[in-house]
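Since the structure comes first, as structure tokens, the remarks are kept for the end.
Small disclaimer: the values here were computed from a predicted structure and weren't measured. For the single chain, residues carry numbers from 1 onward in sequence order.
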Amino acid sequence: MTLNVTAPCRGIKMKITIVCVGKMKEKFYRDALSEYLKRMSRYCKLEIFEVADEKTPEGAGAALEDQIKEKEGKRILEKIREDAFVCTLEITGKRFTSEEFAKWISGHMVNGTSNITFVIGGSLGLHKSVREKAHMALSFSDMTFPHQLMRVILMEQIYRAFKIISGEPYHK
């Protein structure tokens, strides 16, 4: 699935790319994503790439899980542009408040970063090859979320960040 929404960010063309493992199956998640895509269209160019996930058999050992993550990782890496600032979503990553996240995105815009790529792994997480490609790891919580829900949470926070950057009101 590739979703494209394009709009200038107050004169600066920021491109946000989200690369994620697996298809968005539940309609309520798809509806939420569609709503945020619509809302964000006035702030930036947004692209979402879904790469195929691998089925994990019950009782898979560490070696098989690593092979699965490696296969998914290769698909993820194929979707990342060389000029992108890559940010993986990981439990051990950096945490921001919404205002700090907005400042972080704004700082990239000011410093000339034209593409930020966020990567969401599958149910087993990300392969080390993807984590090594990342410039930064970002965490939203110590809790584990379904990767489909994490897409919606990420989209909401990106949307909120652009509202803050634009000086527009947002729900607190």
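- In this pair, Phe96 and Trp104 present their aromatic rings tilted. The plane angle is within the 30 to 60° band.
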Less than 3.5 Å apart, which donor and acceptor atoms pair up between the side chains of residues 136-149 and the rest of the protein, not counting sequence neighbours?
from, atom 1, to, atom 2, distance (Å)
Ser139, OG, Ile91, O, 3.0
Ser139, OG, Ser141, N, 3.3
Ser139, OG, Ser141, O, 3.2
Ser141, OG, Met143, N, 2.9
Asp142, OD1, Arg95, NH2, 2.3
Asp142, OD2, Arg95, NH2, 3.4
His147, NE2, Val21, O, 3.4
Gln148, OE1, Lys25, N, 3.4
Gln148, NE2, Lys23, O, 3.1

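- Here the closest heavy-atom approach between residue Cys20 and residue Ile48 is recorded as SG-CG2, 4.0 Å.
- In this structure, Glu65 does not pair ionically with Lys69, as no charged nitrogen and carboxylate oxygen lie closer than 4.0 Å.
- Between Lys74 and Glu78 there is no salt bridge, since none of the side-chain N atoms of the basic residue sits less than 4.0 Å from a carboxylate O of the acidic one.
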Using the salt bridge (charged side-chain N to carboxylate O under 4.0 Å, His left out) rule, take Glu35 and Arg39 through it: C-alpha gap first, then chi angles, then the decisive distance, then the call. CA-CA 6 Å; Glu35 179 63 27; Arg39 290 180 185 191; 3.0 Å; yes

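- Each of Ile16, Ile116, Leu46, Ile153 was checked for a side chain to side chain contact (heavy atoms under 4.5 Å, CB included) with Ile158, and the lone residue meeting it is Ile16.
- In this structure, the side chains of Val130 and Leu77 come closer than 4.5 Å at one or more pairs of heavy atoms.
- Across all their heavy atoms, Ser114 and Asp83 have their closest contact at OG-OD2, 4.4 Å.
- Heavy atoms of other residues, nucleotides or ligands lying less than 6.0 angstrom from NZ of Lys71 number 12 at most.
- Expressed to the nearest 0.5 Å, how far CG of Leu64 lies from OG1 of Thr56 amounts to 7.0 Å.
- Here OH of Tyr36 is found 9.0 Å from CE of Met155. Values are rounded to the nearest 0.5 Å.
- Of all heavy-atom pairs spanning Ala32 and Val152, the tightest one is CB-CG1, 3.9 Å.
- Between the OH atom in Tyr159 and the CD1 atom in Ile164 there is a gap of 11.0 Å [rounded to 0.5 Å].
- Met24 and Leu154 fall within the same hydrophobic cluster, where Ile, Leu, Val, Met, Phe, Trp and Tyr residues are linked whenever their side-chain heavy atoms come under 4.5 Å apart, directly or through other members.
- Residues Phe162 and Met14 are in side-chain contact: their nearest non-hydrogen atoms beyond the backbone lie under 4.5 Å apart.
- Taking NE2 of His108 as the start and NE2 of His135 as the end, the distance is 9.5 Å to the nearest 0.5 Å.
- Here Glu100 does not pair with Lys94 in a salt bridge; the nearest charged N to carboxylate O distance is not below 4.0 Å.
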Under the salt bridge (charged side-chain N to carboxylate O under 4.0 Å, His left out) rule, what do Glu50 and Arg75 come out as? Steps first, then yes or no, please. CA-CA 9 Å; Glu50 292 179 335; Arg75 293 181 192 128; over 6 Å; no

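- The residue from His127, Arg131, Lys133 that alone fulfils the side chain to side chain donor-acceptor pair (under 3.5 Å) condition with Ser129 is His127.
- Criterion: ILVMFWY side-chain heavy atoms under 4.5 Å apart, direct or through other members. Under it, Met109 and Phe118 are part of a common hydrophobic cluster.
- Put simply, the side chain of Tyr29 does not reach to within 4.5 Å of the side chain of Leu33, judged on heavy atoms.
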Applying salt bridge (charged side-chain N to carboxylate O under 4.0 Å, His left out), run through Lys163 and Glu156 and close with a yes or a no. CA-CA 11 Å; Lys163 295 280 282 182; Glu156 191 282 333; over 6 Å; no

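- A donor atom on one side chain and an acceptor atom on the other are found under 3.5 Å apart for Asn115 and Thr117.
- Across Ile120 and Leu126, no two heavy atoms sit closer than the pair C-CD2, 4.4 Å.
- In this structure, Asn111 contributes its side chain and Gly107 its backbone to a donor-acceptor pair below 3.5 Å.
- Counting only heavy atoms from C-beta outward, the side chains of Val51 and Glu72 never approach each other to under 4.5 Å.
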